[in-house]
Amino acid sequence: MPKLIWREPIETTTIVNRPPGGAQAAPEAAPRPGEAPGPQAETRRRVLTLGDIAGRESGGLVVLLVAVGALTLASDEFLTGNNLANLARQVAIFGIIAVGQLLVILTAGIDLSVGSVLGLSGASTAQFLVAGLPILPSILLGVGIGTGLGLVNGLLVTRALLPPFIATLGMLGIARGMVLLSTDAQTIQGVPEAFQTIANGTVLGIPNLLIIAVAVTAAMWFVLSRTVFGRYIYAVGSNPESARLAGVPVRLVTVSVYVISGTLAGLGGVLLASRLGAGIPTAGTGFELSAIAACVIGGASLFGAKGSAVGAFTGALIMGVLNNGGNLLAINAFYLQIAIGVLILVAVGFDQLNTRRSAAGG
């Protein structure tokens, strides 16, 4: 397998259809004064749109800007420092899990176990700390649990040939049962104050959780857009058989994305335990659906090969802003669930519409 290298832009050559017989097509004459410009001039003058600049994330960015603007006008508390700090802490963990979920979705897979893996990793980390283990080894073991379960998911999909939905659904139940058994369904309390500072502290007024989430998103953006491994992920999601014939190690790439998803879920569990100051065995319930929703709202396609890390984090931001705004405006939480469901349907509907238009346009 080639090493991960910086992927430089590749120069391309435009092939021009020429008339039969070797005759070259006459160059297009320049428009005379007073004449309308030709089609090439019209193409050059085409105005760039938000979609040209931001790609598939443009729709999510528009929704996010509209939501922020509306809440700014509707509530005086939305743009306060305390509220923005709380919003950042709430969104950060969802964003980390969503970015991990995105890598799996890009390969046309799904990981339904991230919520349970998060709960197991967080509770296990709290148990290690209460037992007297130092903070760093406890964190590494907690994240390692997520990595190991992600590896099992990848092997079940690639070696046992189980559908990703079934393999990760089974892991969802296994991980949740393991955390309930290991904790006796009791909250693990008594973690050190230094551990709680990791998630609740700030750097220059910016919450640590937001810094970590942005760093994870930036790292995944770099991997997907600037490395061979990132190109392999998109190739596997587009057509795994064609990718295999082109020399892409499809099995290794597939296992790797599940390992990364499990690792980020484990990291999310450690950060959530740090934020709450305790290991809660039921933590992470429903997080898998929120992560999938964030990816879809952010422009990812469940059919694979479409989406970006920035889009997934943007989707998590949209969901966090809606929930935060609903709390500030005392809106019934059930209405917020309906709104998020509508956003998912609209996002998928637009994706399907654009796909059909592209296919019709050839």
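It should be emphasised that the depicted structure is a prediction, and the values quoted were computed from it without experimental measurement. Counting from 1, the numbers follow the sequence of the chain as shown.
- Counting heavy atoms from C-beta outward, L172 and V114 have side chains that stay 4.5 Å or more apart.
- A continuous path of Ile, Leu, Val, Met, Phe, Trp and Tyr side chains, each step under 4.5 Å between heavy atoms, connects V248 with I260, placing both in one hydrophobic cluster.
- N153 and S113 are linked by a side-chain donor-acceptor pair at a separation below 3.5 angstrom, with hydrogens and angles left out of the test.
- Shortest non-hydrogen contact noted between A305 and G237 is CB-C, 3.8 Å.
- What you find for I93 and L271 is that their closest heavy atoms are CD1-C, 4.1 Å.
- Side-chain contact check for N324 and N83: at least one donor-acceptor pair (N or O, by modelled atom type) lies under 3.5 Å.
- The backbone N or O of N239 lies less than 3.5 Å from no partner atom in the side chain of S242, so there is not a single donor-acceptor pair.
- A donor-acceptor pair under 3.5 Å is formed between the side chain of T107 and the backbone N or O of V104.
- Atom CG of N332 sits in a crowded spot, with more than 12 heavy atoms from other residues, nucleotides or ligands closer than 6.0 Å.
- Contact between L209 and A199 at its shortest, heavy atoms only, is CG-O, 3.5 Å.
- Nearest heavy-atom pair across Q189 and A278 is CG-CB, 4.3 Å.
- Side-chain contact between P281 and Q186 is absent, with no heavy-atom pair separated by less than 4.5 Å.
- Looking only at distances, no side-chain donor or acceptor of R89 sits under 3.5 Å from a matching main-chain atom of P207.
- Residues meeting the side-chain contact (heavy atoms from CB on, under 4.5 Å) test with L343, sequence neighbours left out: V63, I297, I318, L322.
- Here salt bridge (Lys or Arg N to Asp or Glu O under 4.0 Å) pairs that include residues 236-262, with residues two or more places apart or in two chains, are E241-R244.
- The heavy-atom pair separating F313 from A213 by the smallest distance is CE1-CB, 3.8 Å.
- In the hydrophobic cluster analysis, where Ile, Leu, Val, Met, Phe, Trp and Tyr join through side-chain heavy atoms closer than 4.5 angstrom, V117 is grouped together with V179.
- Contact of the V236 side chain with the T254 side chain is registered, since non-hydrogen atoms from C-beta on lie closer than 4.5 Å.
- Within the 4.5 Å cutoff, the side chain of L71 has no heavy atoms near those of the L79 side chain.
- Once rounded to the nearest 0.5 Å, the distance linking CG of L272 with CZ of F287 reads 5.5 Å.
- Of the possible donor and acceptor atoms, one in the side chain of S124 sits under 3.5 Å from a partner among the backbone N and O of L120.
- Put simply, V152 and L103 are part of two different groups of oily side chains (I, L, V, M, F, W, Y) that touch within less than 4.5 Å, one to the next.
- Taking CG of L149 as the reference point, atom OG of S121 lies at 7.0 Å (rounded to 0.5 Å).
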Apply side-chain contact (heavy atoms from CB on, under 4.5 Å) to R275 and Q90, showing your working.
CA-CA 10 Å; R275 179 173 175 243; Q90 293 169 4; 3.7 Å; yes

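- Rounded to the nearest 0.5 Å, atoms CG (L140) and CD1 (I135) are 12.0 Å apart.
- Proximity of P137 to F128: side-chain heavy atoms (C-beta onward) are nowhere separated by under 4.5 Å.
- For the pair L141/T125, no side-chain contact is recorded, criterion being any heavy-atom separation below 4.5 Å from C-beta on.
- Under a 3.5 Å cut-off, the side chain of T168 and the backbone N or O of L112 do form a donor-acceptor pair.
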In a table with atom names and distances, give each donor-acceptor pair under 3.5 Å that connects a side chain of residues 94-102 to protein atoms at least two apart or in another chain.
residue, atom, partner, partner atom, Å
Q101, OE1, D111, N, 2.9
Q101, NE2, D111, O, 2.8

Could you walk me through whether I198 and N208 pass the side-chain contact (heavy atoms from CB on, under 4.5 Å) check?
CA-CA 7 Å; I198 295 175; N208 292 345; 5.8 Å; no

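- The cluster map of Ile, Leu, Val, Met, Phe, Trp and Tyr, joined by side-chain heavy atoms under 4.5 Å apart, puts V91 and I344 in the same cluster.
- Going from atom CD1 of I331 over to atom CG of N323 covers 10.5 Å, rounded to the nearest 0.5 Å.
- Contact between S308 and Y234 at its shortest, heavy atoms only, is CA-OH, 4.3 Å.
- Residues P192 and L129 meet the side-chain proximity criterion, which asks for heavy atoms closer than 4.5 Å.
- For Y258 (side chain) and G109 (main-chain N/O), no donor-acceptor pair under 3.5 Å exists by modelled atom type.
- In this structure, a donor-acceptor pair under 3.5 Å is present between the side chains of T263 and T147.
- By the 4.5 Å heavy-atom criterion applied to side chains, S116 and M171 are not counted as neighbours.
- Distance OG1/T282 to CG/L180: 8.0 Å, rounded to 0.5 Å.
- In this structure, Q127 CD and S138 OG are separated by 11.0 Å, a value rounded to the nearest 0.5 Å.
- Following chains of ILVMFWY side-chain contacts shorter than 4.5 Å, one cannot reach V250 starting from V259, and the two form parts of different hydrophobic clusters.
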Which is it for L162 and V157 under the side-chain contact (heavy atoms from CB on, under 4.5 Å) test, yes or no, and what are the steps along the way?
CA-CA 5 Å; L162 294 178; V157 171; 5.7 Å; no

